[in-house]
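Quick caveat, the model's predicted, so the values are computed rather than measured. Whatever order the structure lists them in is the order used to number ligands and atoms, beginning at 1. We number each residue from 1, following the sequence as shown.
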Amino acid sequence: MSAVEDLTERLLKGEPRAIARAISKVENGTEDAPELMKAVFPQTGNALIVGITGSPGAGKSSLVDKLALFYKDEGEKIGIVCVDPTSPFSGGAILGDRIRMQTLGLDKNVFIRSMATRGNLGGLSRATVDAVAILDAAGFDKIIVETVGVGQDEVEIVKTADVSVVVLVPGMGDDIQAIKAGIMEIGDVFVINKADREGVLRTEKELEALLSLAHRPDFWNPPIVKTVATENKGIEDLSKAIESYNDFQKQGRISLTRRTDIARWRLLELLREKLLTDLLSKNGTNAKLDNLALEIAEKRNNPYSAVEEIINSIMKINHLGIATKEIDEALKFWQDALGLENVHTEEVAEQKVRVAMLPIGETKIELLEPTSEDSPIAKFLEKRGGGIHHIAVEVENIEASLSKLKAEGARLIDEKPRVGAEGCLIAFVHPAATGGVLLELVQSKNESKK
Ligand code: ZN
């Protein structure tokens, strides 16, 4: 049994230490984290995930603790994931968690964990939803995701919950206006905490007025619950309000729509992180990043050109151009015998060629057939009788690449880009500059920023 299989087996049994280690793995993005999550994912979907957000000072932590205790008294297993993008702590329960664990009772029916930001690569949102999935698979009945503030990351995370709760306090009339843009839309349940304070009625009226203006696609009318968390008041009402939205969701197809939206968001998060990690793991990219950052700070460069430079530096082969007398004849090998697919045939009048594009892995084979006797391909065939005619390298900004090559003294065939096959901008570099290979630069159409 592999180490990950062993860890998975133990976490599925609900072993707290295995759960903590698994969460550390997703938090740190270790190499075996994907294997772990692949095993965890099929075991998820049983827990009710409750997201709780609101301005700092709204008393969210005590509210969450009281709600957790309420669930615990009902005989349920509770997981709490606390999201704090501002905390530098990472990799285990921090002091605050330990203190809270003592309040909640040190047993295996309650698990609490803070998620901190993991450096400049982002990934907090992804790590948090993974931690929730781990707790779900580990058999927790309710998982509460609590945010410290109402930042962009935190709101995104709360949106992934089954039920989102927004916590307000009385006497923050202006604040309701201020926060409504960010978090009013995501509240399925609203809580006015510290409801023993003055101004609770006014806050309630304002909230009702705002909610009456909102048009939810699911026509749900979010309930407003009043609580005094420190005195354990209103907690049962809150649990009922959460339950009622959960029941409401289960009735329609809303639940599937919501889960599909969440899955899409999650895919994009993961993809963003993976692509960025892959890019930065390429040799020298980090050093390049440091250099460019310094250049920008010293106003010798700008972020937009710098990004183009980074992407340019990870060029790939867009296609290999192969000269042939007749495309149809050549296809007998490349398509019929080898099994590639001809996805695009086109005549490029300007270059007096007909081309066929056959994708192969990340690149393509471009078959070139002359359409007249003075075509460059006709001359090539005459001289060499076919074969590899050119290599095409993909660039982010073809004009920038051309001026750089020119500055380096490379001999260019085209000083200005022209339009090639599939509407891409292309330019040729003379074989004299490359050691005997005709080189084509390609800027893909959809990658053009102009
Ligand atoms: Zn080409």
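- Closest approach between the Zn ion (ligand 1) and any N/O/S atom of H390 involves NE2.
- No other N/O/S atom of E440 lies as close to the Zn ion (ligand 1) as OE1 does.
- Taking the Zn ion (ligand 1) as reference, the nearest N/O/S atom within E366 carries the name OE1.
- V155 and I186 make their closest contact through CG1-CD1, 3.9 Å (heavy atoms, listed as atom of the first residue, atom of the second, distance).
- Taking OG1 of T257 as the start and CG of D218 as the end, the distance is 9.5 Å to the nearest 0.5 Å.
- Under the 3.5 Å distance criterion, with hydrogens and angles disregarded, no donor-acceptor pair is assigned to the side chains of N342 and Q335.
- Nearest heavy-atom pair, S375 versus V353, reported as atom, atom and distance to 0.1 Å: OG-CG1, 3.8 Å.
- Among the atoms of H389, no N, O or S atom falls under 2.8 Å of the Zn ion (ligand 1).
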